[in-house]
Amino acid sequence: MPWKQKNETLDHLISLSGAVQLRHLSNNLETLLKRDFLRLLPLELSFYLLKWLDPQTLLTCCLVSKQWNKVISACTEVWQTACKNLGWQIDDSVQDALHWKKVYLKAILRMKQLEDHEAFETSSLIGHSARVYALYYKDGLLCTGSDDLSAKLWDVSTGQCVYGIQTHTCAAVKFDEQKLVTGSFDNTVACWEWSSGARTQHFRGHTGAVFSVDYNDELDILVSGSADFTVKVWALSAGTCLNTLTGHTEWVTKVVLQKCKVKSLLHSPGDYILLSADKYEIKIWPIGREINCKCLKTLSVSEDRSICLQPRLHFDGKYIVCSSALGLYQWDFASYDILRVIKTPEIANLALLGFGDIFALLFDNRYLYIMDLRTESLISRWPLPEYRKSKRGSSFLAGEVSWLNGLDGHNDTGLVFATSMPDHSIHLVLWKEHG
């Protein structure tokens, strides 16, 4: 029969049917018209189809049936990709699909907290009796140097003072388990023993305040940047000056000693490099015991010195990043070329705190910001109190920074940001525990 006649015949049969027959027809029509493709298709084809759906839709599909939930939860690549898109680090050695679905659910919660400005909490450290100018953070411990002629080491997780020793006025500090190195407004650098509080070395030679220090035990070298426009290289254990590097025409507010990770005409992977920065320039030096040390390169954002650099500097051996009034500048250390300039037109004069593969931590006078470097957009902010301003930039710092290369569900704990306050306390911004 033609299709029209078939339809008329069916209509007639339906009109003659009772409730039992109609229910039987209804039950059979559902199985004939609807096909459970996730149950019927081979698993490889099901996974291929699932890749086209966004994670939120997949979570909704998990509610359809136990079979759907089982198939969707087993699609490792889908959940790994979803985690990557959120800025999460992926360990490819973990192939448990259910693990990655759980990681995604944890990740989406943390990202929502960031978007809703609910990811952090605050705390304070109280103990100094005069302004705190110097801060340095490492492995859960925060060192503070003050004009009250003391330096304190704090356990951030408990807020307890671990050590407190008498020093000179501190403009810069750096420490490890045994010792503390301080740069001072009295134009000297000193090394102190935590356990006894004794001064083990005193480095004299600068004619201006020492605003930045760094050292390396393997090289037995200490470097210092000063208001006398020079950088000095010292023998850490002997206390003698090995070299004085000149060429800066402004206060040297930052020195960084770092192992190079890339090859160029001027250096090889494994070479130690010294970076020194002033108001307008970043200078790159080879580190060795040679007396006539030559500057390898000078970087700036404007030849006429019309644009100032912020007193913050990031160098990981591959890239140099510094902030200015024009935005964030990123240089490739192999070629010294500017890779990109990240501008935030909605917010001017953002200062750099930390820079990673996925995120950057920035701040201004009012807020702490997190930027997604893949989109160069600000994804979160946190209000800051009226902290103590410093032209040198050492009275505020980032805490844990491993999460800037991607969150993993474990590295979003501990200290995010610390700054000194006008009442001599230390204001802390900490990750809030996962909900």
Which atom of [X] lies closest to which atom of [Y], heavy atoms considered:
X      : Y      : answer
Ala107 : Leu86  : CB-CD1, 3.7 Å
Val213 : Thr182 : CG1-C, 4.5 Å
Ser129 : Asp148 : N-OD2, 3.0 Å

Not counting sequence neighbours, which residues clear side chain to side chain contact (heavy atoms under 4.5 Å, CB included) with [X]? List them please.
X      : value
Thr246 : Thr230, Thr244
Val401 : Ala398, Leu404
Lys102 : Leu98
Asp316 : His314, Lys318, Tyr319

Check your understanding: Any side-chain heavy-atom pair from Asp357 and Leu373 closer than 4.5 angstrom?
Key ->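 No - every pair of side-chain heavy atoms lies 4.5 Å or more apart.
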In terms of side-chain heavy atoms, does [X] have a donor or acceptor partner in [Y] at a distance below 3.5 Å?
X      : Y      : result
Asp220 : Tyr215 : no
Thr144 : Lys152 : no
Trp234 : Thr240 : no

Salt bridge (charged side-chain N to carboxylate O under 4.0 Å, His left out) with [X]: which residues, sequence neighbours excluded?
X      : answer
Asp155 : none
Arg374 : Asp372
Lys112 : Asp116
Asp228 : none

Practice item. Provide the full list of salt bridge (Lys or Arg N to Asp or Glu O under 4.0 Å) pairs with a residue in residues 177-204, sequence neighbours left out, each pair given once. Key: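 Sorted pair list: Asp176-Lys179, Lys179-Asp217.
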Review point. Please, which pairs that meet salt bridge (Lys or Arg N to Asp or Glu O under 4.0 Å) have at least one residue in residues 266-285, sequence neighbours excluded?
Key: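 Sorted pair list: Glu281-Lys283, Glu281-Arg305.
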Can you see whether [Y] has [X] sitting over its ring - NZ or CZ less than 6.0 Å from the centre and within 45° of the normal?
X      : Y      : answer
Lys254 : Phe211 : no
Arg131 : Tyr133 : yes
Arg381 : Tyr367 : yes

Review point. To the nearest 0.5 Å, what is the distance between CE (Met111) and CG (Asn85)?
Key: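 Atom-to-atom, Met111:CE and Asn85:CG are 11.0 Å apart.
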Check your understanding: CD1/Ile165 to CG/Leu149 distance, rounded to the nearest 0.5 angstrom?
Key ->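 Rounded to the nearest 0.5 Å, the CD1-CG separation comes to 12.0 Å.
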Practice item. Enumerate the residue pairs fulfilling ring-ring contact (aromatic ring centres under 6.0 Å, His included) with a member in residues 94-116, sequence neighbours excluded, ordered by first and then second residue. Key: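 Non-adjacent pairs meeting ring-ring contact (aromatic ring centres under 6.0 Å, His included): Trp79-Tyr104.
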**Study point:** Candidate pair Glu376 and Arg340, rule salt bridge (Lys or Arg N to Asp or Glu O under 4.0 Å), full reasoning
**Key:** CA-CA 11 Å; Glu376 299 183 2; Arg340 60 175 172 171; 3.3 Å; yes
Exercise for review: Please state whether the rings of Phe417 and Phe363 are parallel, tilted or perpendicular, taking 30° and 60° as the class boundaries.
Suggested key: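 Phe417 vs Phe363 ring planes: tilted.
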Practice item. Check step by step if side-chain contact (heavy atoms from CB on, under 4.5 Å) holds for Val233 and Trp285. Key: CA-CA 11 Å; Val233 183; Trp285 314 83; over 6 Å; no
Can you give each donor-acceptor pair under 3.5 Å made by side-chain atoms of residues 42-52, sequence neighbours left out, with the distance rounded to 0.1 Å?
residue : atom : partner : partner atom : Å
Ser46   : OG   : Pro42   : O            : 3.4
Lys51   : NZ   : Glu77   : OE1          : 3.1
Trp52   : NE1  : Tyr48   : O            : 3.4

